Amino acid sequence: MQVKKAYSIQMEKTISGKPAGHSNKKFALDRGSAAIAIDHKKIVNRQVKKKVLRLDIDGMTCSACTARIEKVLKKMKGIESINVNLATETGVLKIIEDVVSTNDVIEKIQHLGYGAKVKSAEADKKKARAEKYKKQKQKFFISACLSLPLLYTMLGHLPGNWAVPVPAILLNPLIQFVLAAPIQFYAGSQFYKGAYQSLSHHSANMDVLVVIGTSASFLYSVLEGVRSFLYRGYEPHLYFETSAVLITLILLGKLLEARAKSRTTQAIAHLLNLQAKKANILLGITEKQISIEGVKAGDVLVVRPGEKIPVDGEVIFGETAIDESMITGESIPAVKRPGDQVIGATINKNSMVHMRATKIGKESVLGKIVQTVEEAQGSKAPIQRFADRISSVFVPVVAGIALLTFLSWLFLIDPGNVERALVSSITVLVIACPCALGLATPTSIMVGSGKGAETGILFKGGEHLEIMHKVNTVIFDKTGTITEGKPAVTDIELYHDKALSYLVSVEYGSEHPLAKAVVHYGIQMKVEREAVSELQTITGQGVHAVIEGHHVIAGSRKLMSHHMVLYQNKLKRAEELESQGKTVIFIAIDGKLAGIIAVADTIKSGAREVVSLLKEKGIEVQMMTGDHERPAMAIARDLGIEHVYSSVLPGQKAEKIRKLKGQGKIVAMIGDGINDAPALAEANVGIAMGTGTDIAIEAADLTILGGDLDLVSKAFRLSHAVMRNVRQNFFWALAYNSAGIPIAAAGLLAPWVAGAAMAFSSVSVITNSLRLKKFN
């Protein structure tokens with residue numbers, strides 16, 4: 001069920017009976033053709049059919065390309081939002097289908113000179129990337145082989161004793177032309193194509209800089225060669241090696257960049273590899289093995305011990321234990337009987353079962369996890385806007401600087417020396433690299449969100465990764481979030497040998513949470529049950545029964561008093577336990593007190609450490625719960641949380657978060673229940689525990705798979721690491737261009753050195769981002 005944040009906000013009004021109040025977010029709920037948009041102060045009903053369109057976009061070379069596509073598409077009617085990602089080579093658009101069609105969008109992108117198609121399966125994309133990489137590799141090797149003789153001629157121009165003898169044939173202009181032309185017009189054809197498409201649409205990208213620089217060098221060399229044939233004795237100044245080596249180095253950089261990019265998407269591949277590849281389908285009494293793609297909802301499947309559950313479904317025959325640790329984080333296998341739900345990619349441990357497929361493909365739990373990671377990797381963090389603004393003017397500014405450099409050298413610095421002016425301006429064009437800026441953010445977001453997914457942390461977008469590192473206030477829900485959400489026996493005092501056995505016997509079969517806690521404890525302690533007769537439940541007080549001829553009562557103090565059981569000597573102990581937020585059960589046998597047992601919702605393992613770590617980082621930790629004050633305060637004291645809000649209604653939770661935000665705090669809310677959904681939607685970052693309800697998970701910006709609170713602190717650490725990585729990428733990308741362009745303009749760099757530096761700048765940014773894969 002796709003439930004957007006608007007549902008959470010509307011639910012706030014429903015549960016609390018109060019208006020949802022002002023919200024600084026915009027949420028929308030799409031149901032068929034009816035869309036309800038909630039935007040700050042008003043609710044507008046529109047009969048529109050909206051769609052999220054995901055595209056694979058090919059041919060982008062730098063961030064100027066993404067900016068161009070976004071700029072043009074934003075002008076189209078019916079497109080509400082668009083995000084084009086250079087690193088993933090994808091585009092995500094929200095469109096109104098009645099106004100603009102998928103084909104309209106694709107045709108517009110293709111008109112701009114880029115390839116576009118509806119997003120394909122990861123396996124198909126992998127195959128297409130491999131084919132593209134193979135062609136790039138072929139071009140590079142051809143270019144490298146033809147460049148080597150030209151590169152050797154450069155050694156003859158080294159100063160002093162460094163110069164090496166060069167065969168006369170290699171200095172022949174015609175021979176150099178024959179070697180350089182295939183590089184310029186075959187290996188470099190992609191740059192000409194990209195530059196033409198960009199300029200024809202009144203834009204400029206990295207291809208324009210490469211084409212201007214290498215073409216100037218190549219054509220000047222051709223002109224010099226012609227002069228040498230026309231005028232005997234004329235010594236030509238050839239720069240064929242400059243254009244050839246530049247293109248070869250840029251192709252090498254593209255090749256390394258593509259290889260590095262493929263490593264940033266390994267998280268998706270890892271998740272997809274978790275899925276079973278085959279399934280055993282039951283056709284009448286015949287069993288047949290089919291590929292997982294052939295499974296349809298309603299199919300009956302056979303799963304044997306050791307096999308993966310093929311898809312999400314329901315057990316219809318048999319009983320087994322299934323390892324669901326990949327989803328829940330629980331190491332103990334879960335027992336599954338007919339009627340129980342099972343999750344695809346989990347592992348059947350014990351016995352053969354038959355199951356009915358209910359959710360397949362993108363609708364399955366694993367499918368939704370993959371989709372969440374893909375969306376997070378393809379999303380654009382707010383900090384990316386900084387790079388977009390620079391990239392939109394980068395190429396024209398660099399072209400202007402190159403022209404100014406040429407004129408300055410020609411008329412001021414070294415008047416009349418066309419060669420020196422040309423070389424310096426070419427170097428400026430070549431060393432400038434908008435790619436590094438364009439890749440700075442998306443590569444970090446891709447690797448960071450992928451690393452989070454591998455750990456069990458699902459960010460729904462890059463913006464949440466960025467906001468999270470700014471959070472200064474964290475609010476925990478209590479029940480099911482910071483506690484286990486179910487009562488457990490915490491303290492026990494017995495004054496009769498049969499007290500625990502009798503208590504477990506009378507409570508067995510009861511659906512009351514306290515009774516279940518007692519029975520579970522008895523099972524753990526391997527207590528034997530006795531035959532019970534005359535069982536009577538006294539509502540709100542306890543139970544009365546006869547076991548082996550003994551009259552047994554278990555329940556509250558009021559029940560003890562009613563049966564004239566003397567318990568006053570244990571009253572102080574009972575009150576001490578109750579002050580800790582625990583519920584005390586008294587048990588009496590034949591009118592005499594036989595024991596007291598305390599039951600409470602226990603704190604999750606690791607909760608104390610998480611609270612402590614957050615406080616050490618200077619983050620204010622609070623707790624908010626609908627529970628009563630006494631148990632809430634007891635849990636808070638144990639965890640070291642000073643600020644506690646108890647007996648809070650769902651709508652009031654969201655209101656309290658609004659007030660905190662109004663005080664300038666950046667708030668993260670952590671919860672798991674339906675009643676937490678309004679607060680999760682209202683918080684700057686909503687964090688849902690994966691063991692919680694679907695509505696809470698949909699309302700949140702981040703989901704923690706399973707109930708491991710330790711992943712909360714890891715999510716904060718990951719957010720800080722990603723944003724630190726982004727800032728490092730920006731620094732080096734800006735530092736590279738800020739230092740490289742002036743040095744090139746000053747004539748202190750050879751063009752081929754500038755080409756190598758430009759080629760490896762993007763690779764260095766991606767390599768730095770890949771360091772996040774080692775984040776612990």
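Given the structure is predicted, the values throughout are model-derived calculations rather than measurements.
Looking at Phe476 and Val610, their side chains come closer than 4.5 Å, going by heavy atoms from C-beta outward. A heavy-atom distance below 4.5 Å is found between the side chains of Leu639 and Arg608. For the pair Phe716/Met468, a side-chain contact is recorded, criterion being any heavy-atom separation below 4.5 Å from C-beta on. No side-chain heavy atom of Ile585 sits less than 4.5 Å from a side-chain heavy atom of Ile596. Using a 4.5 Å heavy-atom threshold, the side chains of Asn725 and Arg771 count as touching. Proximity of His643 to Val621: side-chain heavy atoms (C-beta onward) are nowhere separated by under 4.5 Å. In this structure, Leu53 and Val92 have side chains that are not in contact, with every pair of non-hydrogen atoms separated by 4.5 Å or more. Using a 4.5 Å heavy-atom threshold, the side chains of Leu770 and Val447 count as touching.
Distance alone, capped at 3.5 Å, places no donor-acceptor pair between the Thr473 side chain and the Glu620 backbone. For the pair Asn684 (side chain) and Ala668 (backbone), a donor-acceptor distance under 3.5 Å is absent. Remark: side-chain polar atoms of Ser719 are not paired, donor with acceptor, to backbone N or O of Ala715 under 3.5 angstrom. The main-chain N or O of Ile603 is never found under 3.5 Å from a side-chain atom of Glu484 such that the two would form a donor-acceptor pair. Asp312 places a side-chain N or O within donor-acceptor distance of the main-chain N or O of Gly344, the cut-off being under 3.5 Å. Proximity of a side-chain donor or acceptor of His520 to a complementary backbone N or O of Ala517 within less than 3.5 Å is not detected. Between the side chain of Ser769 and the backbone N or O of Val765 there is at least one donor-acceptor pair closer than 3.5 Å. Side-chain atoms of Thr483 come within 3.5 Å of backbone atoms of Lys478 as a donor-acceptor pair (strictly under, hydrogens ignored). For Ser713 (side chain) and Leu709 (main-chain N/O), no donor-acceptor pair under 3.5 Å exists by modelled atom type.
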I'd like to know whether Asp491 forms a side chain to side chain contact (heavy atoms under 4.5 Å, CB included) with Arg573, so could you lay out the CA-CA distance, the side-chain angles of the two residues, the decisive distance to 0.1 Å, and finally the verdict. CA-CA 11 Å; Asp491 303 86; Arg573 175 58 177 157; 3.7 Å; yes
Evaluate salt bridge (Lys or Arg N to Asp or Glu O under 4.0 Å) for Asp708 paired with Lys604, printing each intermediate quantity in order. CA-CA 8 Å; Asp708 187 0; Lys604 280 185 178 179; over 6 Å; no
Could you walk me through whether Lys470 and Met723 pass the side chain to side chain contact (heavy atoms under 4.5 Å, CB included) test, one step at a time? CA-CA 10 Å; Lys470 301 177 183 178; Met723 295 315 299; over 6 Å; no
Quick one: do Ile347 and Ile322 satisfy side chain to side chain contact (heavy atoms under 4.5 Å, CB included)? Show the steps, please. CA-CA 6 Å; Ile347 301 171; Ile322 293 180; 5.8 Å; no
Given the rule in the side chain to side chain contact (heavy atoms under 4.5 Å, CB included) test, do Thr90 and Ile57 qualify, once you have shown the distances and angles that lead to the verdict? CA-CA 5 Å; Thr90 58; Ile57 302 176; over 6 Å; no
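Rounded to the nearest 0.5 angstrom, Asn768 CG and Ser444 OG are separated by 7.0 Å. The distance from the CD1 atom of Ile309 to the CD atom of Gln341 is 12.0 Å, given to the nearest 0.5 Å. Atoms NZ and CG, on Lys460 and Leu458 in that order, are 9.0 Å from each other to the nearest 0.5 Å. The CD1 atom of Ile69 sits 7.5 Å away from the CD1 atom of Ile82 when rounded to the nearest 0.5 Å. Annotation: the span from Asp477 atom CG to Met623 atom CE amounts to 9.0 Å, rounded to 0.5 Å. In this structure, the separation between CD1 on Ile475 and CE on Met624 is 4.0 Å, given to the nearest 0.5 Å.
Exactly one of Val667, Val685, Leu614 qualifies for a side chain to side chain contact (heavy atoms under 4.5 Å, CB included) with Val471. That residue is Val685. Under the side chain to side chain donor-acceptor pair (under 3.5 Å) rule, Tyr645 has a single partner from Gln622, Lys653, Gln652, which is Gln622. Tested against Glu682, the residues Lys659, Arg658, Lys656 include a single salt bridge (Lys or Arg N to Asp or Glu O under 4.0 Å) partner, Arg658.
Residues Leu514 and Pro487 approach most closely at CD2-CB, 4.3 Å, considering heavy atoms. Here the closest heavy-atom approach between residue Arg727 and residue His469 is recorded as NH1-NE2, 3.6 Å. The two atoms that bring Gly456 and Leu711 nearest to each other are O-CD1, 3.8 Å, heavy atoms only. Heavy-atom minimum distance, Val584 versus Ala574: CG2-O, 3.7 Å. Among all heavy-atom pairs drawn from Ser449 and Leu465, the shortest one is N-CD1, 4.2 Å. In this structure, Ala683 and Ile657 approach most closely via the heavy-atom pair CA-CG2, 3.8 Å.
For the 3.5 Å distance criterion, the side chains of Asn85 and Thr66 fail to qualify, holding no donor opposite an acceptor.
A salt bridge is defined here as a Lys NZ or Arg NE, NH1 or NH2 lying under 4.0 Å from an Asp or Glu carboxylate O, and Glu642 with Lys615 meets this definition. For the pair Glu575 and Lys572, the salt-bridge criterion is not met [side-chain N within less than 4.0 Å of a carboxylate O].
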